[in-house]
Amino acid sequence: SYFSCRGFKYSGVSQMTIVAILAVLLIAPTYLNRLRKYPTLFTLVVMLMFSTIVLLELNYANAENRVRVAVIDTGIDSELATPYLCKDGNKDFTGKGMKDVSGHGTNVAGIISKKINRKIFCLQIIKWYHSGEQVSDEVVSLRLLNSLKQALKFKPRYVNLSMAGYFKSSEEQELLTKLVKNGAKVFVAAGNEGKNLNIECDIYPACYDIHSSNYYVIGNYSSSSSNYANWLKWENGDNVEGFGLVKSGTSQATAVYLSKQIQKDLYE
């Protein structure tokens with residue numbers, strides 16, 4: 001399965017380091033014998049070989065080998081999240097820092113964290129919106145596009161987009177399609193306008209024409225404010241706790257549905 005081959009280790013040493021050591025043992029003796037007449041050069045070559053192996057191992061130790069779950073939202077603001085965060089790939093596109101002033105992104109990340117094993121999975125936090133600031137739709141759209149590009153760069157297995165709005169972007173749809181084609185499972189909120197999306201589908205990213213079993217649009221079955229359609233997936237989104245914060249909406253339903261899908265995939 002996907003989860004059973006997330007990087008090979010043997011006695012705490014990376015596969016790359018093992019290969020490097022074997023290469024040295026097989027190839028080095030012949031060349032080192034030729035350098036015995038030149039003690040200084042011999043010493044430098046040995047030190048260089050040793051340093052290369054050490055650097056390979058350090059790079060491996062610092063690399064993120066867990067399955068990535070990209071959370072594109074309002075940032076993060078909880079020390080409880082630290083063990084779940086990916087070592088790299090976290091990014092703020094608002095210029096305000098990763099701090100989550102609304103609690104929305106923290107709540108969503110917390111909901112997902114409750115169902116995942118942090119030794120196998122990590123949360124890649126990508127902040128695209130800072131609550132309370134006054135910016136144009138174009139700026140907000142650009143931030144979201146950059147966030148999707150950031151996610152694509154780090155190849156997440158899951159992407160959570162607990163967001164909904166009327167702003168439509170062909171480039172946004174293209175990036176979401178690329179994520180799905182690259183193997184990511186993308187989960188988006190249906191929105192909270194109480195609209196029948198079967199009649200008029202103008203909520204995005206929920207209404208993008210992405211025909212894939214890995215593109216999920218989630219409604220909240222516990223509230224009449226949820227948008228609805230016969231092609232939605234459904235989950236409870238009322239009074240859902242995450243990292244100590246309780247919130248309601250299709251955003252929360254999306255995070256719950258994603259977390260359950262991770263559990264389902266893990267045991268299939």
Side-chain angles (χ1 to χ4, degrees), residues 1-3 67-74 89 104-105 108-109 111-112 115-116 121 123-126 128-129 140-141 143-193 195-221 226-237 240 249-268:
S1 70
Y2 181 87
F3 303 101
V67 178
R68 294 178 185 271
V69 182
V71 181
I72 301 176
D73 216 291
T74 61
H104 188 276
V108 166
I111 292 169
I112 297 170
K115 291 285 186 178
I116 64 174
F121 302 90
L123 301 178
Q124 181 182 355
I125 306 298
I126 304 175
W128 74 284
Y129 187 77
V140 172
S141 179
R143 291 176 181 176
L144 181 53
L145 293 177
N146 287 333
S147 296
L148 293 172
K149 290 174 183 177
Q150 179 76 358
L152 268 169
K153 179 181 177 182
F154 286 86
K155 299 179 174 61
R157 186 67 178 88
Y158 302 91
V159 179
N160 190 92
L161 291 161
S162 287
M163 62 182 74
Y166 290 98
F167 195 88
K168 184 180 182 181
S169 164
S170 58
E171 188 176 357
E172 185 179 312
Q173 178 175 338
E174 181 181 344
L175 289 170
L176 288 167
T177 302
K178 283 184 179 179
L179 278 166
V180 171
K181 286 184 176 180
N182 286 356
K185 292 189 175 184
V186 178
F187 301 78
V188 305
N192 304 299
E193 292 78 24
K195 294 188 62 170
N196 183 348
L197 300 181
N198 287 318
I199 298 175
E200 184 180 17
C201 203
D202 58 353
I203 299 297
Y204 303 96
C207 290
Y208 284 130
D209 190 20
I210 301 175
H211 298 289
S212 171
S213 59
N214 285 340
Y215 193 75
Y216 303 80
V217 182
I218 316 300
N220 174 15
Y221 64 63
S226 173
N227 292 337
Y228 57 97
N230 57 7
W231 41 269
L232 297 186
K233 306 294 184 182
W234 295 94
E235 184 51 72
N236 171 55
V240 188
T250 57
S251 288
Q252 286 62 44
T254 303
V256 173
Y257 194 96
L258 183 155
S259 67
K260 289 184 177 180
Q261 185 64 47
I262 289 176
Q263 288 291 302
K264 181 180 178 182
D265 291 347
L266 187 59
Y267 294 107
E268 282 187 347

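Here, residue 1 is the first one in the sequence, and each next residue gets the next number.
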Are the side chain of [X] and the backbone of [Y] linked by a donor-acceptor contact shorter than 3.5 Å?
X      : Y      : answer
Asn214 : Lys185 : no
Ser259 : Ile112 : no
Gln263 : Lys115 : yes

How far does [atom1] of [X] sit from [atom2] of [Y], to the nearest 0.5 angstrom?
X      : Y      : atom1 : atom2 : result
Tyr228 : Lys195 : OH    : NZ    : 10.5 Å
Ile210 : Glu174 : CD1   : CD    : 10.5 Å
Met163 : Thr74  : CE    : OG1   : 9.5 Å
Tyr208 : Gln173 : OH    : CD    : 7.0 Å
Arg143 : Ile72  : CZ    : CD1   : 14.5 Å

Side chain to side chain donor-acceptor pair (under 3.5 Å) for Ser251 and His104? Distances and angles first, verdict last. CA-CA 9 Å; Ser251 288; His104 188 276; 3.0 Å; yes

Just to verify, which of Asn220, Asn192, Asn227 counts as forming a side-chain hydrogen bond (donor to acceptor under 3.5 Å, both in side chains) with Thr250?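 Exactly one candidate clears the test, Asn192.
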
More than 12 heavy atoms of other residues, nucleotides or ligands under 6.0 Å from NZ of Lys233: is that the case?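 No.
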
Is there side-chain contact between Leu175 and Leu144, with heavy atoms separated by less than 4.5 Å?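 A side-chain contact under 4.5 Å is absent here.
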
